[in-house]
Amino acid sequence: MNEKEIKKYRKAGKIAGKAREKSKEIIKENKTFLNAAKEIEEYIEKKGGKPAFPVNLSVNEEAAHYTPGKKSKRKFGEDQIIKVDIGVHVDGYVGGDTAYTIDLTEEHPKLIEASEEALENAISMVKKDRKIDEISKEIQETIEKKGFKPIRNLTGHGLSKWKTHEEPIIPNIKSNTNKKLKEGQIIAIEPFASTGRGIVKEGRHTEIYSYDKNIPIRGKTARDIIKKVKEEYNELPFAERWISKDYQELKMKMALKKLTNKKALKKYPVLKDSKESMVSQAEKTIVVEEEGCEVLTN
Ligand code: CO
């Protein structure tokens with residue numbers, strides 16, 4: 001990684017951190033998710049970055065991948081715990097992936113603390129050659145000590161140019177890998193604490209997609225979508241509402257279905273833990289250093 005590249009990662013990280021703080025003013029009871037998502041994404045662009053993925057505003061047992069659709073009327077309310085997950089890139093350099101949890105119920109302070117503490121403890125252990133499994137163990141123990149379950153099938157991950165999910169994987173539970181962190185790696189650590197089973201499953205609802213591979217596709221709308229998203233977002237995730245203004249709705253929906261069936265597009269269904277459970281998340285992006293790390297999303 002050269003000086004120019006690290007500068008872009010740093011800029012992206014800084015914007016993501018600012019957008020996270022800004023979102024605390026933006027998200028309020030009775031406001032729509034759609035307006036909040038748009039405002040946060042516009043703020044990122046105003047600061048000179050681009051969303052590396054649609055702002056995720058997952059609710060209660062939804063752990064990840066919920067973003068409002070363009071017709072969504074969903075509103076923030078006092079029965080909700082919201083995971084706000086924000087990604088930013090600058091010229092493709094994804095230096096900002098950061099998340100926190102807003103408890104509008106005001107009834108789950110320990111659940112929020114569990115993921116926050118797990119994140120802070122994990123970050124304090126990061127340095128060159130640190131065994132990834134030691135970090136995973138720390139995350140798991142911190143969350144379990146508070147009486148919750150870490151979500152076992154969601155993990156921290158590496159970040160790079162045009163990539164939001166890269167090596168290394170940082171599991172939220174002990175996994176017996178021998179892998180170690182390397183100096184210069186850019187990683188996002190993201191513990192999830194849950195009152196449910198600690199396992200997420202794919203729900204029915206999908207609003208987020210990404211380009212997967214180039215294969216021959218029939219149909220004008222489908223071909224147009226695949227060409228446009230490749231140009232605009234490369235392989236980064238995008239929201240259906242980001243492209244919807246260019247297409248007639250039914251045609252677009254059919255094209256998206258065809259593209260995901262053929263695996264030209266990858267889809268990201270909402271990921272949920274068990275019914276009526278509550279999930280919290282905390283996430284920051286860091287650079288691994290010889291004796292510690294630099295947090296990019298403070
Ligand atoms: Co992440």
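From a predicted model like this one, the values you see are computed outputs, not experimental measurements. Numbering of ligands and ligand atoms starts at 1, following listing order.
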Item to check | CD/E21: more than 12 non-hydrogen atoms of other groups inside 6.0 Å | outcome: yes
Checklist entry - Under 30°, 30 to 60°, or over 60°: which ring-plane class applies to Y268 and H65, parallel, tilted or perpendicular? => result perpendicular
Next on the checklist: Is the positively charged end of K228 above the ring of Y233, judged by distance under 6.0 angstrom from the centroid and angle within 45° of the axis?
Outcome noted: no
Checklist entry - Is the closest side-chain heavy-atom distance between S72 and Y66 below 4.5 Å? => result yes
Checklist entry - the Co ion (ligand 1) as vertex, arms to OE2 of E283 and OD2 of D97: angle to 10°? => result 90°
Checklist entry - the Co ion (ligand 1) is nearest to which N, O or S atom of H157? => result NE2
Next on the checklist: Need the atom name: nearest N/O/S atom of E190 to the Co ion (ligand 1).
Outcome noted: OE2
